Amino acid sequence: MERKVGSSTVTAKEVKAALEKTRTLTAEEEKVLRMRHGAGASSTRAPLPRAAGDNAELADELLVIEMQLMKAMRARAGAKAAATATKAPVAAAPRESAANPTKDKIVRALRKKK
């Protein structure tokens, strides 16, 4: 085997193009190559590959789970928004913290000075 003399430069574009074509790398190997050569993901708008592959049953189960999670997320977001809308500002109410008695003593002394 001959030793090659000289050097070559690999650009980020070349790495991106090569990574898009190959399917033999693991996810970790691809991540390492992208990080090493500064080649970001091909497109942020591209759809993610499906975990089910060609298995229709698994795809249906995953879709049901995804729909349940989305429903729960929307319910939680709606409940949080409703809770913040109904709360009245309580900035004037004194805060009680039993965790630090020294701090409470200082705060009471400062309130008396007002």
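This structure is a prediction, so every number in the text was calculated from the model and none was measured. Keep in mind that the numbers below use all heavy atoms, side chains included, and drop hydrogens, waters and symmetry copies.
Every residue meeting the side-chain contact (heavy atoms from CB on, under 4.5 Å) condition with N55, not counting sequence neighbours, appears here in chain and number order: E57, L58. Taking E61 as the reference, nothing meets the side-chain contact (heavy atoms from CB on, under 4.5 Å) condition, with sequence neighbours excluded. A59 meets the side-chain contact (heavy atoms from CB on, under 4.5 Å) test with A52; sequence neighbours excluded.
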Quiz item: So N100 and D104, side-chain contact (heavy atoms from CB on, under 4.5 Å) or not? Walk me through it.
Solution: CA-CA 6 Å; N100 194 346; D104 291 340; 5.8 Å; no
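In this structure, the separation between CG on L63 and CD on Q68 is 10.0 Å, given to the nearest 0.5 Å. For the atom pair L19 CG and K16 NZ, the distance stands at 10.5 Å (nearest 0.5 Å).
Between A12 and G38, the shortest heavy-atom distance links the atoms CB-O, 3.8 Å.
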Which pairs of donor and acceptor atoms, one on a side chain in residues 23-33, lie under 3.5 Å apart (sequence neighbours left out)?
from : atom 1 : to  : atom 2 : distance (Å)
R23  : NH2    : E20 : O      : 3.3
T24  : OG1    : T22 : OG1    : 3.1
T26  : OG1    : E29 : N      : 3.2
T26  : OG1    : E29 : OE1    : 3.4
E29  : OE1    : T26 : N      : 3.0
E30  : OE2    : R34 : NE     : 3.2
E30  : OE2    : R34 : NH2    : 2.9

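Within the hydrophobic cluster formed by Ile, Leu, Val, Met, Phe, Trp and Tyr side chains joined at under 4.5 Å, directly or through other members, M35 stands alone, with no partner residue.
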